Protein chains: 2
Amino acid sequence: MEDKVMNIGVVRDLTGLSERQIRYYEERKLIFPERTKGGVRKYSFEDVKRIQEIHQKLQDGFRTLELRKKPHTGQRMRLSGNGS
Amino acid sequence: MEDKVMNIGVVRDLTGLSERQIRYYEERKLIFPERTKGGVRKYSFEDVKRIQEIHQKLQDGFRTLELRKKPHTGQRMRLSGNGS
DNA sequence: CGTGTAAGGAATTCTGACACG
DNA sequence: CGTGTAAGGAATTCTGACACG
C-alpha cells in the first residue's frame, strides 16, 4: 500500500507508455489510482510496476480481461496467428 | 537520490504545510525540487522529509539562512525573547 | 481489442506583488 | 523574516468521441 502521489505525466515518463494506455488499463479494472477532489489521478510506485507488468503481458498476447486474475493455467503463445 | 515525482499539492498534503511555505524554503536554497519542461515543481520523498525538518527547525527558532549548513555549534533557545 | 488523436473544459501550479510585523 | 492572499496566465489532466483493424 504505497502512497498514491504521482500524476499520470510522471507515470508516462517512468513507464514510457502513453497516457492513453495507462488510462485504458484503469478502464479495464487492472489498476486503481486514487483521485484528487478535482478528479486528477494519483498513482503509486506499485501502480507503476503493475502497469509495466500489464504492458508486458499484452506484448505476450494476453488480453486485458485475462489479466484481472493473474493466470497460471495456460501459457498462450502469440507468435503469429491465433488459436481460434 | 529518490525520484522527484510529486507535485507541490501532494507535498502540501503530506506535510500539512502551505504551498507558500514549501516554495519559500526553495527560495532560501534549502530544498531543490526539479521542474517539468513547463515549470512545474517535482519533489521526492526525501524532499518531504527535509521540508518537515526545516519547518521543525523554524519552530525551534532558527532562521532559514542558518539551516543551509546543518548547525551543530550552538543550540539557540527560543522560548521567549531573543538573544540580542 | 488496444491505442492514437483533436476538442473543449476544468483542476492545478506558477510568478510577482502587496501586506504584516 | 516567514507567511498569507488576490490576480492572471500557463501547464497539466480530464472526458467522450471518432478512427483503425
Side-chain angles (χ1 to χ4, degrees), chain A residues 4-44 47-48 50-68 71 76 78 80-84, chain B residues 4-44 47-48 50-68 71 76 78 80-84:
Chain A
K4 306 273 191 178
V5 298
M6 289 174 270
N7 276 8
I8 197 168
V10 174
V11 178
R12 167 175 38 65
D13 295 342
L14 250 36
T15 62
L17 301 182
S18 68
E19 297 179 19
R20 182 69 163 98
Q21 290 173 299
I22 298 167
R23 293 199 190 96
Y24 182 65
Y25 299 162
E26 176 184 5
E27 184 182 319
R28 299 316 307 274
K29 307 292 184 186
L30 300 176
I31 50 175
F32 307 92
E34 292 182 353
R35 298 272 188 153
T36 63
K37 292 182 179 177
V40 173
R41 272 170 270 251
K42 291 297 181 182
Y43 302 86
S44 68
D47 289 328
V48 171
R50 177 75 173 132
I51 288 168
Q52 292 173 320
E53 283 179 23
I54 294 167
H55 180 63
Q56 183 55 55
K57 290 292 186 184
L58 286 176
Q59 293 292 306
D60 292 344
F62 288 95
R63 282 173 300 142
T64 53
L65 261 179
E66 302 178 285
L67 300 180
R68 281 194 203 165
R76 183 174 302 271
R78 197 14 181 134
S80 62
N82 58 49
S84 67
Chain B
K4 306 275 191 174
V5 298
M6 291 173 269
N7 276 8
I8 196 167
V10 174
V11 179
R12 166 174 41 64
D13 295 343
L14 248 38
T15 62
L17 302 182
S18 67
E19 297 179 19
R20 182 70 163 97
Q21 290 172 300
I22 299 168
R23 294 199 190 95
Y24 182 65
Y25 299 164
E26 177 185 4
E27 184 182 320
R28 298 317 305 275
K29 307 292 184 185
L30 299 176
I31 51 175
F32 306 92
E34 291 181 355
R35 296 274 188 151
T36 64
K37 292 182 181 178
V40 173
R41 272 169 271 250
K42 292 296 180 184
Y43 303 86
S44 67
D47 288 329
V48 171
R50 177 75 174 134
I51 288 167
Q52 293 173 319
E53 284 179 23
I54 294 167
H55 180 63
Q56 182 57 56
K57 289 293 184 183
L58 287 176
Q59 293 291 307
D60 292 344
F62 288 94
R63 283 172 300 143
T64 52
L65 260 180
E66 302 179 285
L67 300 180
R68 281 194 204 165
R76 185 174 301 271
R78 216 303 190 200
S80 62
N82 58 48
S84 64

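So that the names make sense, note that chain A is the first sequence line, chain B the second, and so on, each numbered from 1. Remember, it's a predicted structure, so these values are computed and weren't measured experimentally.
Rounded to an integer number of Å, the gap from NZ of A:Lys37 to P of C:dT13 is 13 Å. Summarising the geometry, the separation between CZ on A:Arg68 and P on C:dG2 is reported as 10 Å, rounded to the nearest angstrom. In this structure, the CG atom of B:Asp13 is 10 Å from the P atom of C:dT12, given to the nearest Å. Rounded to an integer number of Å, the gap from A:Arg35 CZ to D:dT13 C1' is 10 Å. Rounded to whole Å, the distance from CD on A:Glu34 to P on D:dT13 is 17 Å. Note: CG (A:Leu58) to C1' (C:dT3) measures 11 Å, nearest angstrom. Whole-Å rounding puts the B:Asp60 CG to D:dG2 C1' distance at 15 Å. As a whole-Å value, the separation of A:Ile22 CD1 from D:dT12 C1' is 14 Å.
Under the 3.5 Å distance criterion, the side-chain polar atoms of A:Asp47 are matched with a main-chain donor or acceptor of A:Ser44. A:Arg68 places a side-chain N or O within donor-acceptor distance of the main-chain N or O of A:Arg28, the cut-off being under 3.5 Å.
Of all non-hydrogen atoms in B:Phe32 and B:Lys4, the two that sit nearest each other are O-NZ, 3.1 Å.
Checked against D:dG2, C:dT13, C:dG2, the side chain of B:Asn7 finds its nearest nucleotide in C:dT13. With C:dT3, D:dT3, C:dT15 as the candidates, the nucleotide lying closest to the side chain of B:Tyr25 is D:dT3. Taking only side-chain atoms of A:Arg20, from C-beta outward, the nucleotide of C:dT15, C:dT3, D:dT3 with the closest atom is C:dT3. In this structure, of C:dC14, D:dG4, D:dC14, it is D:dC14 that holds the atom nearest to the side chain of A:Ile8. Looking at the side chain of A:Val40, the nearest of the listed nucleotides D:dT3, C:dT13, D:dT13 is D:dT13. Among the nucleotides C:dG2, C:dT13, D:dT3, the one closest to the side chain of B:Gln21 is D:dT3.
Checking D:dT3 for Watson-Crick or G-U wobble geometry (two distances, each under 3.5 Å) identifies C:dA19 as its partner. Look at D:dC14: its Watson-Crick or wobble partner, with both distances under 3.5 angstrom, is C:dG8.
Mapping A:Lys42 and B:Glu27 onto DNA chain D by nearest heavy atom places B:Glu27 at the nucleotide closer to the 5' end.
Look at B:Glu53 and B:Arg50 and you find a salt bridge, because one of the NZ, NE, NH1 or NH2 atoms lies within 4.0 Å of a carboxylate O, short of that distance.
Evaluated for a side-chain contact (heavy atoms from CB on, under 4.5 Å) with A:Val48, the options A:Ile31, A:Thr15, A:Leu17 yield exactly one hit, A:Thr15.
A:Leu58 places a side-chain heavy atom less than 4.5 Å from the side chain of A:Tyr25.
Between D:dT13 and A:Arg12, a contact under 4.0 Å exists linking OP1 or OP2 to a side-chain N or O. For B:Tyr24 and D:dG2, the shortest distance from a side-chain N or O to OP1 or OP2 is below 4.0 Å. Put simply, B:Arg23 has a side-chain N or O that comes within less than 4.0 Å of OP1 or OP2 on C:dC14. The phosphate of C:dT13 has neither OP1 nor OP2 within less than 4.0 Å of any side-chain N or O from B:Arg41.
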